[in-house]
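This report refers to the structure that appears directly beneath it.
Side chains included, hydrogens not; waters and symmetry mates left out as well; all remaining heavy atoms used. All of these numbers come straight from a predicted model, not from anything done at the bench. Start at 1 and go down the list; that is how both ligands and their atoms are numbered.
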Amino acid sequence: MSAFCNETLRIHPVAMLTFTRLVQEPVELLGQSLEPGTRVGGCIYLLHHREDLYPNSNQFRPERFLERQYSQFEFMPFGGGARRCIGDALAMFEMKLVMATIISQYEMKLAAANEKPQRRGVTLAPANGVKMIITGKRLRQKAPMATV
Ligand code: HEM
């Protein structure tokens, strides 16, 4: 489930950009000299689509997160450093809970192929929602009685 959620956040990062950082003293970054007062922002979307890190980056393939351990500089749906998202653990927990609840009860398929995401302000979201067709209902087993 973690690999599935990571791949979802990689391919269509909800936040495409980090907040900007203000350079406070002269610094060199990837061969660029940055002067104090310069604003620098990370592009999460471009990072997550680097072919050297994510071959066939437009392909949804959760297995990549099982085959390789990505560093905090290679995968950053929640930004990084001191101003990293404070809601990251809650967001991941919510995603897993919602997915587990739905897929443990229903079998579904996409109503339309190739749903394209759309920029909404600073976030990326499905252009028209994600319409699904319920193709079956899973039989739920009753939870065993708790023993004291
Ligand atoms: C999938 C869900 C979410 C994503 C992808 C996301 C992503 C991000 C990103 C990329 C940043 C900027 C980090 C940086 O500049 O390094 C951020 C900041 C922040 N996020 Fe989230 N976030 C999510 C959910 C949440 C939730 C659930 C909360 C609160 C409960 C939250 C609260 C915040 C706050 C307060 C900041 C600003 C942190 C600061 O400036 O110190 N986020 N988030």
### Query
Taking only heavy atoms of G80, which atoms of ligand 1 are found under 4.0 Å from at least one of them?
16 (O)

### Salt-bridge contact E107-K137 (side-chain N to carboxylate O under 4.0 Å)
no

### Message
Tell me the closest heavy-atom pair linking S57 and R64, and the distance in Å.
### Response
CA-NH2, 4.2 Å

#### Entry: Residue selection (non-hydrogen contact nearest atom 41 (O) of ligand 1) among R83, M76, R21
R83

### Message
Which residue and atom name correspond to the protein heavy atom nearest atom 12 (C) of ligand 1, and how close is it?
### Response
F19 CD1, 3.7 Å

### Task
Quick one: pull up CD1 in I103 and CE in M108 and give me the separation to the nearest 0.5 Å.
7.5 Å

#### Entry: From OG1 (T20) to CG (L22), nearest 0.5 Å
7.5 Å

## Note on the structure
Min over A15, A91, C5 of heavy-atom distance to atom 24 (C) of ligand 1 lands on A91

### Task
Any atoms of ligand 1 less than 4.0 Å from a non-hydrogen atom of G79? List them with their elements.
10 (C), 13 (C), 14 (C), 16 (O)

### Message
Within a 6.0 Å radius of atom CZ on F60, are there more than 12 heavy atoms belonging to other residues, nucleotides or ligands?
### Response
yes

### Heavy atom of the protein closest to atom 30 (C) of ligand 1 (residue, atom name, distance)
L90 CD2, 3.8 Å

### Task
Classify the contact between I44 and ligand 1 as side chain, backbone, both or neither, using a heavy-atom distance cut-off of under 4.0 Å.
side chain

### Message
Taking the ring of Y70 and the ring of Y54, is the distance between their centroids below 6.0 Å?
### Response
yes

### Query
To which protein heavy atom is atom 6 (C) of ligand 1 closest, and what is the distance rounded to 0.1 Å?
F78 CD2, 3.5 Å

### Message
Are any of the N/O atoms on A82, whether in the backbone or the side chain, positioned under 3.5 angstrom from an N/O atom of ligand 1?
### Response
no

### Task
Return a yes/no value for T18: is any of its N or O atoms, backbone included, closer than 3.5 angstrom to an N or O of ligand 1?
no

### Task
Around atom 17 (C) of ligand 1, find the nearest protein heavy atom and jot down its residue, atom name and distance.
C85 CB, 3.4 Å

### Message
Just so I know, are the side chains of L124 and V14 near enough to count as touching, which here means a heavy-atom distance under 4.5 Å?
### Response
no

### Query
Can you name the nearest heavy-atom pair linking P77 to L9, along with the distance?
CB-CB, 3.8 Å

### Query
Would you call E67 and R61 a salt bridge, using N to O less than 4.0 angstrom?
yes

## Note on the structure
The answer for which part of P77 has a heavy atom under 4.0 Å from ligand 1 is backbone

### Query
Is the shortest N/O to N/O distance between L9 and ligand 1 below 3.5 Å?
no

## Note on the structure
The protein heavy atom nearest to atom 26 (C) of ligand 1 is G87 CA, 3.6 Å

### Query
When you measure from atom 34 (C) of ligand 1 to every protein heavy atom, which one gives the shortest distance, and what is it?
I86 CG1, 3.7 Å

### Message
In the structure I gave you, are the side-chain heavy atoms of S33 and P26 within less than 4.5 Å of one another anywhere?
### Response
no

### Message
Taking 4.0 angstrom as the limit and counting only heavy atoms of V14, give me the atoms of ligand 1 inside it, by number and element.
### Response
5 (C)

